[in-house]
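Heads up, the thing below is written out as structure tokens.
Chain A is the first sequence line, chain B the second, and so forth, proteins listed ahead of strands; every chain is numbered from 1.
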Amino acid sequence: MGDLIKDKDSLLGKEVSLCGWVDRVRDHGKLRFIMLRDRTGQIQLVVKQGETPEEAVKASNEARDEAVICVKGTLRKAPTKEGVEVAVREMSVLNRPVEPLPLLPRDSLSAILDTRLKFRWLDVRNPKVTKVFLLQAWVAQKFREYFSSKGFVEIFTPKIVGAGTEGGAEVFPVIYFGKPAFLAQSPQFYKQFSVIAGLERVFEVGPVFRAEPHHTTRHLTEYHSMDIEVGFIQSYYDVISFVEGFVKHLAEAMRKEELPQRVLQEYNVEPLEIPGEVPKIPLRKAYEILDSEFKKHIPYGEDLDSEGEKLLGQYVKERFKSDLVFVTEYPWKVRPFYTMRKEDEPDWTYSFDGLLRGLEIVTGGQREHRYERLVENVKDKGMNPKNFEFYLNFFKHGAPPHGGAGLGLERITMQSLKLENIREARLLPRDPETLLP
RNA sequence: GCCGCGGUCGUCUAGCCCGGUCCAGGAUGGGGGCCUGUCGAGCCCUUGACCCGGGUUCAAAUCCCGGCCGCGGCGCCA
């Protein structure tokens with residue numbers, strides 16, 4: 001329908017054939033207007049007694065909201081928004097609702113989110129909701145495009161794993177042929193594996209699972225992580241450069257390409273603003289900024305809380321005209337064991353987080369690739385190297401210096417469109433309470 | 001996991017604080033009718049709800065307790 005309206009001048013007076021959903025019927029008795037919708041747009045159909053064949057008039061009686069219909073007719077000029085309409089000649093109703101609609105797609109955004117998710121198949125028919133997923137697919141495509149162009153190879157790693165990855169986050173247990181197993185909370189070990197295995201530069205887009213009972217607008221128990229890992233880096237700044245390059249690429253494409261522009265316009269939001277040089281602020285400097293600019297105190301050696309992240313996001317937006325900021329050098333105590341510690345200050349690490357419009361969307365850093373140090377780090381975290389033997393073995397036979405990062409797809413979608421709740425950025429969200437549909 | 005707030009027609013809500021005027025009001029949707037140029041079409045008729053279980057009271061949508069469900073904040077995280 002979108003194409004049809006685009007080419008309307010050349011198609012005027014021609015016979016067209018269309019299928020879609022009935023978005024709404026304006027019934028005047030002997031004159032009836034039907035708005036037909038498909039994923040590309042809407043067009044008005046006219047059924048007029050005396051003009052439209054009797055059979056088609058009869059069929060149009062059955063064309064209720066959200067019925068699936070196909071029509072043939074003539075495209076002609078009309079005083080509608082699109083400037084055209086279809087004078088119906090044939091109509092067939094392929095399917096119609098068997099019960100009153102619990103949620104009207106055209107009006108679904110006025111329902112509360114819980115109701116929308118319960119009847120998600122109706123909610124997503126709302127063109128504004130559809131666009132979330134058009135944008136999300138586009139973001140993932142840009143990610144693949146960017147890293148492929150930088151010589152990264154796409155990998156596909158196990159999601160059923162024999163050991164929890166990071167020690168901190170909770171994992172979902174599964175029974176694997178009688179053996180205890182888990183759903184992967186991160187591809188971390190396997191992307192490092194891939195670098196060490198000689199692929200050097202890898203990326204993956206895939207689901208990750210977190211068994212943390214968060215009740216917030218920014219957490220899901222299942223989400224999509226866009227991961228990279230790269231070997232032979234000089235420092236973790238090389239990793240930041242890759243991430244920065246990607247986000248810049250994304251922001252530029254957002255301004256240039258037709259699809260994101262259309263989506264952003266519907267949501268009435270500005271494209272991401274990313275300056276030539278994205279600000280990079282060591283965490284210890286961030287403490288000072290928050291103290292002096294906002295009188296917000298973060299205990300030394302602690303991670304930022306969500307308010308701190310929000311304020312820092314505000315600060316860089318005003319000061320550097322940037323929607324993105326990298327916070328660097330996190331304390332060893334808040335980072336996982338595989339993170340490389342600073343050579344001169346072992347309580348701090350070569351790691352970073354990236355905040356997009358005040359929300360953490362990426363975490364990364366340089367990894368410890370030296371076997372003995374890695375074992376020390378495991379012990380330092382109070383864990384038993386025996387439990388990580390399968391992973392530690394990777395490092396025994398020539399592991400290059402390397403680092404990487406993981407970006408949250410749903411969070412990027414959410415922040416790009418300024419959605420209020422991350423659940424809006426998933427077709428079928430999983431949170432501690434929601435398992436169906 | 002801890003803390004706070006909330007559950008009224010299919011949907012979105014009014015009523016709850018200050019119990020009786022509520023066999024619960026409105027909008028939208030469903031069903032029916034009128035209407036030949038609408039575009040949130042209009043007009044008329046109709047349908048349909050107090051989350052569950054206890055308690056207090058002459059009387060409970062309204063007050064109390066428990067359960068279930070939802071929302072948000074925190075910790076934590078993408």
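In this entry the distance linking CG of A:D65 with P of B:rC39 reads 16 Å, nearest Å. As rounded to whole Å, 12 Å separates atom C1' of B:rA78 from atom CZ of A:R426. B:rC74 atom P lies 12 Å from atom CD1 of A:I298, rounded to whole Å. Note: CG (A:L109) to C1' (B:rU11) measures 13 Å, nearest angstrom. For the pair A:F33 CZ and B:rG42 C1', the interatomic distance rounds to 13 Å; values are reported in whole Å. Atom CZ in A:F143 sits roughly 15 Å away from atom P in B:rA78 (whole-Å rounding). Put simply, CD on A:Q188 is 10 Å from P on B:rA78, counting in whole angstrom units. The interatomic distance linking A:Y223 (OH) with B:rC77 (C1') rounds to 7 Å, in whole Å.
The side chain of A:R411 approaches B:rA78 more closely than any other nucleotide in the set B:rG37, B:rG32, B:rA78. Side-chain proximity of A:N421 to the nucleotides B:rG10, B:rG72, B:rC74 is greatest for B:rG72. Out of B:rG72, B:rU38, B:rG75, the shortest distance to the side chain of A:D305 is found at B:rG75.
Atom name C1', nucleotides B:rU11 and B:rC65: the rounded distance is 32 Å, in whole Å. Here the separation of B:rC50 from B:rG7, taken at their P atoms, is 15 Å to the nearest Å. Taking atom C1' in both B:rG40 and B:rC77, the straight-line distance is 42 Å, to the nearest Å. To the nearest whole angstrom, the two P atoms, one in B:rA60 and one in B:rA41, are 44 Å apart. Taking atom P on both nucleotides, B:rC17 is separated from B:rC63 by 5 Å, rounded to a whole Å. B:rG66 and B:rG6 have their P atoms separated by 15 Å, given to the nearest Å. If you take atom P in B:rC23 and the same atom in B:rG30, they sit 29 Å apart, rounded to whole Å. Nucleotides B:rA78 and B:rC16 have their P atoms positioned 47 Å apart, rounded to a whole Å.
In this structure, A:K342 forms no cation-pi arrangement with A:W332, as its terminal cationic atom is not both closer than 6.0 Å to the ring centre and no more than 45° off the ring axis.
When the side-chain nitrogen and oxygen atoms of A:R218 are compared with OP1 and OP2 of B:rC74, one or more of them lie within a distance under 4.0 Å. For B:rU38, neither phosphate oxygen OP1 nor OP2 lies less than 4.0 angstrom from any side-chain nitrogen or oxygen of A:R26. Look at A:R106 and you'll find a side-chain N or O under 4.0 angstrom from OP1 or OP2 of B:rG29. For B:rC74, one of the phosphate oxygens OP1 or OP2 lies less than 4.0 angstrom from a side-chain nitrogen or oxygen of A:S306. Put simply, A:R64 has a side-chain N or O that comes within less than 4.0 Å of OP1 or OP2 on B:rG31.
Each of A:K81 and A:L407 was assigned the nucleotide of RNA chain B with the nearest heavy atom; the assignment lying further toward the 5' end belongs to A:K81. Residue whose closest nucleotide on RNA chain B sits further toward the 5' end, between A:S110 and A:V46: A:S110.
For B:rG73, the base is not stacked against the aromatic ring of A:H215, per a cut-off of 5.5 Å between centres and 30° between planes.
A:F133 pairs in a side-chain contact (heavy atoms from CB on, under 4.5 Å) with only one of the listed residues (A:T130, A:V129, A:L135), which is A:V129. Considering A:Q192, A:Q366, A:R201 in turn, A:Q192 is the only one that fulfils the side chain to side chain donor-acceptor pair (under 3.5 Å) rule with A:H402.
For the atom pair A:L122 CG and A:R116 CZ, the distance stands at 12.0 Å (nearest 0.5 Å). Expressed to the nearest 0.5 Å, how far CZ of A:F388 lies from CZ of A:F189 amounts to 5.5 Å.
Residue contacts for A:R423: at a heavy-atom cut-off of 4.0 Å it reaches the sugar-phosphate backbone alone, with no base atom in range.
Using bins of under 30°, 30° to 60° and over 60° for the plane-to-plane angle, the ring pair A:F172/A:F209 lands in the perpendicular bin.
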